[in-house]
Amino acid sequence: MRIATWNVNSITARTPRLLAWLESTGTDVLCLQEAKTTEAQFPVAELRELGYESAVHATGRWNGVAVISRVGLEDVVKGLPGDPGYEDVQEPRAVAATCGPVRVWSVYVPNGREVGHAHYAYKLRWFEALRAAVADDAAGGRPFAVLGDYNVAPADEDVWDISVFDGATHVTPAERAALADLRATGLGDVVPRPLKYDHPYTYWDYRQLSFPKNKGMRIDLVYGNEPFTKAVTDAYVDREERKGKGASDHAPVVVDLDV
DNA sequence: ATGCCCCACGCTGTGGGA
């Protein structure tokens, strides 16, 4: 089984590339983030023509997540139980589904904006809710993973130049502690291999030639429990999909499983 | 070549991204 996560930065802008990518890679399950549309406008029909079912949690201009599967789609949960919300709004940042033998969450962790900002506190509270929501599945015997845009670089090596991030979000001890607390439920980091260069970055800013210069970050992560990680036969960042006109600023992370 | 920001909303800018 081939399972992937990809922040598409608007499903509307990315549908042609998404459909072509699903076909060319033979991906069975995709956890998608930043749909940036409503559930009604999500391209469910186009995906169904390719043989995929869609579980979509999206409400409009911002955020929006989905699980797309051609190997079954059961027990869908939209939203994080205990979601703290931001300014009294529970944003669409998490959706879960069981796809054949595997259960997954597709997550889009809040950005945080600046250390000390209310959005940063929200980010940390959101991580705590995520930890609580996945603990039972993480400890269970079924292959389970939380895939998505975590908006945290797990280690200094996961950004191109740590000195640039002095005082910034995405690299703070508190954010990394939140990742560690999440892993402590029984999840391991499935680190993909890069297709080029030394480090498996998954995001490159659109500006300042970041991609050609490989000024990237590894912030799209796959955290799996032991039944999941034991089944992994390969994992890579599909940087080819970051190239050219009409690319997302994130590349897909692809994981092959023997399940 | 990988190439100098892009998305939605909705309008001549604004907010958000990281």
Side-chain angles (χ1 to χ4, degrees), chain A residues 5-18 21 32-43 56 58-66 85-87 89 91-93 107-124 126-127 148-172 174-176 178-179 194-221 236-253:
Chain A
T5 182
W6 189 12
N7 179 325
V8 296
N9 187 16
S10 168
I11 186 69
T12 305
R14 219 65 61 211
T15 294
R17 283 184 81 128
L18 171 66
W21 184 84
L32 176 153
Q33 300 87 36
E34 283 212 82
K36 288 187 170 179
T37 188
T38 61
E39 203 168 310
Q41 292 173 308
F42 198 89
V56 182
T59 55
R61 185 174 187 180
W62 309 119
N63 315 303
V65 289
Y86 183 65
E87 295 179 341
V89 177
E91 301 168 324
R93 294 181 174 276
V107 299
Y108 178 48
V109 176
N111 171 291
R113 299 185 189 163
E114 296 173 20
V115 176
H117 194 285
H119 209 261
Y120 180 77
Y122 164 55
K123 182 178 193 173
L124 297 177
W126 200 91
F127 262 119
D149 179 353
Y150 280 68
N151 271 321
V152 181
D156 288 355
E157 296 72 37
D158 292 316
V159 298
W160 81 93
D161 181 356
I162 192 63
S163 70
V164 173
F165 290 82
D166 188 31
T169 59
H170 293 62
V171 299
T172 65
E175 290 166 285
R176 288 175 174 171
L179 287 185
L195 293 185
K196 191 178 179 183
Y197 304 123
D198 296 333
H199 210 82
Y201 300 138
T202 64
Y203 163 85
W204 300 261
D205 196 289
Y206 283 124
R207 292 165 289 190
Q208 298 175 314
L209 294 171
S210 295
F211 182 59
K213 293 177 179 174
N214 200 32
K215 292 186 174 180
M217 304 171 73
R218 185 172 81 93
I219 53 175
D220 299 272
L221 308 176
Y236 67 95
V237 181
D238 189 358
R239 72 185 302 283
E240 295 300 309
E241 188 54 40
R242 179 62 181 78
K243 295 180 180 180
K245 186 173 169 60
S248 171
D249 44 2
H250 295 251
V253 177

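In the text below, chain A, chain B and the rest are named by the order of the sequence lines, each starting its count at 1. Because only heavy atoms are used, hydrogens play no part in the values below, and waters and symmetry mates are left out as well, while side chains stay in.
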To the side chain of Pro212(A), which of dT2(B), dC7(B), dG17(B) is closest?
dT2(B)

How far does the C1' atom of dC5(B) sit from the matching atom of dA18(B), given to the nearest Å?
13 Å

By nearest heavy atom, map Lys243(A) and Asp149(A) onto DNA chain B; which one lands nearer the 5' end?
Lys243(A)

Say we look at dG16(B) and dG10(B): how far apart would their C1' atoms be, to the nearest angstrom?
16 Å

Would you indicate whether the side-chain heavy atoms of Tyr108(A) and Trp126(A) approach each other to under 4.5 Å?
no

Ignoring hydrogens and angles, are the base of dT2(B) and the side chain of Lys196(A) linked by a donor-acceptor pair under 3.5 Å?
yes

His170(A) NE2 to dG17(B) P, in whole Å, measures 9 Å

What integer distance in Å separates Glu91(A):CD from dG17(B):P?
8 Å

Checking all strands, does Gly112(A) fall into the base, sugar-phosphate, or nothing category for heavy-atom contacts under 4.0 angstrom?
nothing

Check the distance between dA18(B)'s C1' and Glu175(A)'s CD and give it to me in whole angstrom.
11 Å

Measure CD/Glu114(A) against C1'/dG16(B) and give the value in whole Å, please.
13 Å

Among the candidates dG15(B), dT2(B), dC7(B), find the nucleotide nearest to the side-chain atoms of Arg61(A).
dG15(B)

Give one of base, sugar-phosphate or nothing for Arg242(A), where a contact means two heavy atoms less than 4.0 Å apart.
nothing

Between dA18(B), dT2(B), dG16(B), spot the one nearest the side chain of Arg113(A), thanks.
dG16(B)

Specify the separation, in whole Å, of atom CD of Gln41(A) and atom P of dA8(B).
10 Å

Have a look at Glu34(A) and say if it touches a base, only the backbone sugar-phosphate, or nothing, with a 4.0 Å heavy-atom cut-off.
sugar-phosphate

Could you check how far CG of Asn7(A) sits from P of dG16(B), rounded to whole Å?
17 Å

Closest of dT2(B), dG17(B), dA18(B) to the Tyr206(A) side chain is dG17(B)

Side chain of Met217(A) only, please: which of dG17(B), dA18(B), dT14(B) is the nearest?
dA18(B)

Presence of Asn9(A) side-chain N/O under 4.0 Å of dC7(B) phosphate oxygens OP1/OP2:
no

Using a heavy-atom cut-off of 4.0 Å across all strands, would you classify Asn214(A) as base, sugar-phosphate, or nothing?
nothing

State which of dC4(B), dC7(B), dA18(B) makes the closest approach to the side chain of Arg14(A).
dC7(B)

Testing Gln41(A), Glu34(A), Glu39(A) for side chain to side chain donor-acceptor pair (under 3.5 Å) with Thr37(A), which one passes?
Gln41(A)

Tell me whether the guanidinium CZ or amine NZ of Arg218(A) lies under 6.0 angstrom from the six-membered ring centre of Tyr201(A) and within 45° of its axis.
no

What does Trp62(A) touch in the nucleic acid at a heavy-atom separation under 4.0 angstrom: a base, only the sugar-phosphate, or nothing?
base

What contact category does Tyr203(A) fall into here, base, sugar-phosphate, or nothing, at under 4.0 angstrom with non-hydrogen atoms?
sugar-phosphate

Considering only heavy side-chain atoms of Tyr197(A), the closest of dA8(B), dA18(B), dT2(B) is dT2(B)

Check the distance between dG3(B)'s P and Arg207(A)'s CZ and give it to me in whole angstrom.
17 Å

Between dT2(B), dA18(B), dC7(B), which nucleotide gets closest to the side-chain atoms of Ser10(A)?
dC7(B)

At what distance, to the nearest 0.5 angstrom, does CH2 of Trp6(A) lie from CD of Gln33(A)?
11.0 Å

So, do His170(A) and Phe165(A) have ring centers that fall under 6.0 Å from each other?
no

Assign Ser248(A) to base, sugar-phosphate, or nothing according to its heavy-atom contacts below 4.0 angstrom with the strands shown.
nothing

CG/Asp238(A) to CD/Glu241(A) distance, rounded to the nearest 0.5 angstrom?
6.0 Å

Within the pair His250(A) and dA18(B), is there a side-chain N or O less than 4.0 Å away from OP1 or OP2?
yes

How many whole angstroms separate atom CH2 of Trp204(A) from atom P of dG3(B)?
12 Å

The nucleotide from dA18(B), dC4(B), dT2(B) with an atom nearest the side chain of Leu209(A) is dC4(B)

With rounding to whole Å, what would you report as the distance between dC4(B) and dA8(B) at their C1' atoms?
23 Å

Aromatic centroids of His117(A) and Tyr120(A) separated by under 6.0 Å:
no

